[in-house]
Participant: 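First the structure, which I've put down as structure tokens, then a few questions once you've had a look.
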2 protein chains.
Amino acid sequence: MANTKTSTMSFYPNQDTFLIAVDCIIFGFKDNKISLLAQPRFLEPFKNGLSLLGGFVKENESVEQAASSVLSRLTGLENIYMEQVGMYGALERDPGDRVVSCAFYALIDIESQDEQLLEEHKAFWINIDRANELIFDHPRMVADAIKLLRQKAAIQAVGFNLLPEKFTLSQLQALYEAIYYQVFDIRNFRKKMLSMDFLEKLNEMDKSGSKKGAYYYRFRDEKVQNDQYPSRF
Amino acid sequence: MANTKTSTMSFYPNQDTFLIAVDCIIFGFKDNKISLLAQPRFLEPFKNGLSLLGGFVKENESVEQAASSVLSRLTGLENIYMEQVGMYGALERDPGDRVVSCAFYALIDIESQDEQLLEEHKAFWINIDRANELIFDHPRMVADAIKLLRQKAAIQAVGFNLLPEKFTLSQLQALYEAIYYQVFDIRNFRKKMLSMDFLEKLNEMDKSGSKKGAYYYRFRDEKVQNDQYPSRF
DNA sequence: ACAAAAGTGTTAAGCATACACCCATGG
DNA sequence: CCATGGGTGTATGCTTAACACTTTTGT
């Protein structure tokens, strides 16, 4: 506990202070699988262990800013949808030192991100089923993030952040099947998706996936859904 | 920023450290309204302002422990259902000093709690519609907590934490109406509640609310619900 | 006898589910 | 011409939502 200091000249003297980290679960969608960015840890403890992308919060930035800057440093992307997963504050979560961490998840289009930057930071995509190889309590963070993502996807058009701007309904279905880890009936899926009016059909086809070709769709972002709860009584 | 120190002898040298607070949104149910515990703030800034119950995290406790100890110090209750609301880390959220706060909400039976202790700490119950009188970002924390509570109550038998061990269906309905801030049809409500088999009907009646008397019910705690998502396709 | 809360059932509409075949095209 | 993925409609059961009257009993 070497770096748990005590505050002095302050409104709140004689209180302990802590290192605060942010850890980012950066989801992408590739080969019909949900993946996330990981990185070999570059210092002890667990040097070279598989780690989420993170960093320490600095004095002059908010916790959210710290998370965004991790994300943009690693992917080159700005203004990405991020959501707080929660705070992880167990005593021994980091055997190196007492560190309290705040986890965020982000959804990015895997294609629009900067390969170069990833390589510079030795970061790479791993499949979510490898999340339990991560160090510290990172596996738990990922599990919590997936839970939130599923909840969110059930009521909001969240998945569009993970796809390129133009996508086919088959891609969209594959994405939802990856998120929920289950298969959906193609007719029911399309019916439901089209009945919510998120989607705009384009006059353009993707001929890469089939001979016949599939129409591209695009997300109407005017149609951002409000929060809602499942109906009850 | 007087107490933002820098770590020294550590695995993570030269990093900034922070004060970490916990703030507890302690919900109770009284007079058919959801209320929460508040307290006049006892130091500057905002001395005497209306504040959530909170405290600083200490070196030798987890963040969760810090929250539980705030709760038990103020109410005398142990082993109470608490859930993390989130971390609040904006730069200027506390004008006194840089403090990062983690909010939790708890549900307690207002009757089972220690009046004495509340008075000692000058804590008192306020109606949730007064939450916007709270200082700092506490109004936002309360709003976020209510949102979580609503989500939770839609899929889990969460409300029982707020009622005495024995309660009538009318009380239960009043509770749900307070949580969701809307009225439910009495027949539909009872039908649905009884169809989930949370409830055990007792052979005892409450004669205080009516001439006829109403049966008491009790929560079967074997029947704790698992997490689930709204159905989709 | 009446006021006040407790308790009870049915119907209609909407939503989720299950299910199978034709289409267009490149090779 | 055929293999591959794209695209479509209907019937059934379940859940929700809307709705009004009877029961009990203390005063």
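Note on naming: letters A, B, ... go to the chains in the order of the sequence lines (proteins, then strands), and numbering restarts at 1 for each one.
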Participant: Which residues pass the side chain to side chain donor-acceptor pair (under 3.5 Å) test with K166(B), not counting sequence neighbours?
Facilitator: E204(B)

Participant: Whole-Å distance between dT16(D) P and Y176(B) OH?
Facilitator: 14 Å

Participant: Where do D94(A) and Y88(A) land on the side-chain hydrogen bond (donor to acceptor under 3.5 Å, both in side chains) test, with the steps shown first?
Facilitator: CA-CA 10 Å; D94(A) 181 335; Y88(A) 296 77; over 6 Å; no

Participant: Using a 4.0 Å heavy-atom cut-off, write out nucleotides 19-27 of chain D from 5' to 3' as B (base contacted by protein), S (sugar-phosphate only) or - (no contact).
Facilitator: BB--BBBS-

Participant: Applying salt bridge (Lys or Arg N to Asp or Glu O under 4.0 Å), name anything that partners R190(A), two or more places apart in sequence or on another chain.
Facilitator: none

Participant: Let's see if you can work this out: which of dG7(C), dG6(D), dA16(C) has an atom nearest to the side-chain heavy atoms of K192(A)?
Facilitator: dA16(C)

Participant: In residues 62-71 of chain A, what donor-acceptor pairs under 3.5 Å come from side-chain atoms, sequence neighbours left out?
Facilitator:
| unit_1 | atom_1 | unit_2 | atom_2 | d |
| --- | --- | --- | --- | --- |
| S62(A) | OG | Q65(A) | N | 3.0 |
| Q65(A) | OE1 | S62(A) | N | 2.9 |
| S68(A) | OG | E64(A) | O | 3.2 |
| S69(A) | OG | A66(A) | O | 3.2 |

Participant: Tell me the interatomic distance from Y215(A), atom OH, to dA24(C), atom C1', rounded to whole angstroms.
Facilitator: 11 Å

Participant: Please, what dot-bracket string fits DNA chain C when only Watson-Crick and G-U pairs with both distances under 3.5 Å count, crossing ones use [ ] and pairs to another strand use |?
Facilitator: |||||||||||||||||||||||||||

Participant: Using a 4.0 Å heavy-atom cut-off across all strands, classify T168(B) as base, sugar-phosphate, or nothing.
Facilitator: nothing

Participant: With nearest nucleotides of DNA chain D determined for G209(A) and K201(A) from heavy-atom distances, which residue corresponds to the more 5′ nucleotide?
Facilitator: G209(A)

Participant: dT16(D) P sits how many Å from R190(B) CZ, rounded?
Facilitator: 18 Å

Participant: Separation of D206(A) atom CG from dG26(C) atom P, in whole Å?
Facilitator: 13 Å

Participant: For F46(A), which residues count as a ring pair (Phe, Tyr, Trp, His ring centres under 6.0 Å) partner, sequence neighbours excluded?
Facilitator: F136(A)

Participant: Output all residues satisfying ring pair (Phe, Tyr, Trp, His ring centres under 6.0 Å) with Y215(A), sequence neighbours left out; order by chain, then residue number.
Facilitator: none

Participant: Could you work out, with salt bridge (Lys or Arg N to Asp or Glu O under 4.0 Å) as the rule, every residue matching E177(B), not counting sequence neighbours?
Facilitator: none

Participant: Ring pair (Phe, Tyr, Trp, His ring centres under 6.0 Å) with F167(A): which residues, sequence neighbours excluded?
Facilitator: F160(A)

